[in-house]
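Report on the structure given below.
Atom set for the values below is all heavy atoms of this structure, side chains included, hydrogens, waters and symmetry mates excluded. Here is the naming used below: chain letters follow the sequence lines, and residue numbers restart at 1 for every chain.
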Amino acid sequence: MPRETNAAKRERAIEVCERLDRRYGPVECFLDHENPFRLVISVLLSAQTTDAQVNKVTPELFRRWPTPEAMAGATPTEIAEVIKSLGFYKTKAKHCVEAAQMIVADFGGHVPADMKELVKLPGVGRKTANIVLNVSFGIVEGIAVDTHVNRIAHRLKLSPKTHEKEPLKTEQDLLKILPKEYWRNVNHQWIKFGREICDARKPLCSECPLSDICPSVRC
DNA sequence: ATCCCGAGGG
DNA sequence: CCCTCTGGAT
């Protein structure tokens, strides 16, 4: 089998984006994004859990600590009690407090609209920063590659198998083959597709609108 | 058993 | 690359 050309990959990637865009249209953020601070905290909490689980705890979390200033004064222990139903709750509780403290101390109480500064916040990596930049500030300089986007990119063979466990490299692969106009919608539309059709354990290939162009289809 | 809108440290 | 952190849903 000759290796596929980048042009062929690009063509498939664009087709994926256009079909999913027609299917889902504009998709709103599933997490609390009332303001940038709440979005940072919500996305930080969403690691290895579902957005539904996050949405269960954030009302109480933001009722008790509504602002960076308030959360900067909380202890990790009291945050942990509120978010205990989420995975990694001890680490996340610490990150909430430390990120809030850094927002207050280093950024004047405002979440920075800048990739380099966002990833300085404890618990915030490129994936979270991409979401915040996109949703809160309308800045698109990357694609948030979470477990869904990663899985779909690899099933469609838009990223080499060697990058399957390295979402940062998967992101670079997608940025290379996809024209920038498509970046904005990838995360939310692909997540929706991933939950509805391209499920990790039981993909519904027989109902999939991409089955004719998917190298991994198993009808 | 496996996955869920990951990040940090080695 | 690896591992750890972690509970809930399926």
Taking NZ, NE, NH1 and NH2 as the nitrogens, is one of them in A:R19 or A:E15 under 4.0 Å from a carboxylate oxygen of the other?
-> yes
Determine the Euclidean distance between corresponding P atoms of B:dC3 and C:dC3; express it in Å to zero decimal places.
-> 16 Å
Atom C1', compared across B:dT2 and C:dT6: separation rounded to whole Å | 15 Å
Contacts of type salt bridge (charged side-chain N to carboxylate O under 4.0 Å, His left out), residue A:K169, not counting sequence neighbours = A:E166
Assign a letter to each nucleotide of nucleotides 3-10 of chain B from its 5' end: B, base within under 4.0 Å of a protein heavy atom; S, sugar-phosphate only; -, no contact.
-> SBBBSS--
Here the distance between atom P of C:dG8 and atom CD1 of A:I83, to the nearest Å, is 12 Å
Euclidean distance for P, B:dC5 against C:dT10 (whole angstrom) = 12 Å
Grab the CG-C1' distance between A:N55 and C:dG8 for me, whole Å please.
-> 15 Å
Under 4.0 Å between a side-chain N or O of A:Y89 and OP1 or OP2 of C:dG7?
-> yes
Between P of C:dA9 and NZ of A:K202, the distance in whole Å | 17 Å
Rounded distance in Å between the C1' positions of B:dC4 and C:dC5 | 15 Å
A:R184/A:D21 ion pair, N-O < 4.0 Å = no
Does A:R151 pair with A:E164 as a salt bridge, N-O distance under 4.0 Å?
-> no
The answer to which of A:K169 and A:L86 contacts DNA chain C further toward the 5' end, by nearest nucleotide, is A:K169
Side-chain ion pair, A:E171 and A:R126, N-O less than 4.0 Å | yes
Name each donor-acceptor pair under 3.5 Å that joins a side chain in residues 73-86 of chain A to protein atoms two or more places apart or in another chain, with its distance.
residue	atom	partner	partner atom	Å
A:T75	OG1	A:E78	N	3.2
A:E78	OE2	A:T75	N	3.0
A:K84	NZ	A:Y89	OH	2.8

Would you indicate what A:K84 reaches in the nucleic acid, counting non-hydrogen atoms under 4.0 angstrom: base, sugar-phosphate, or nothing?
-> sugar-phosphate
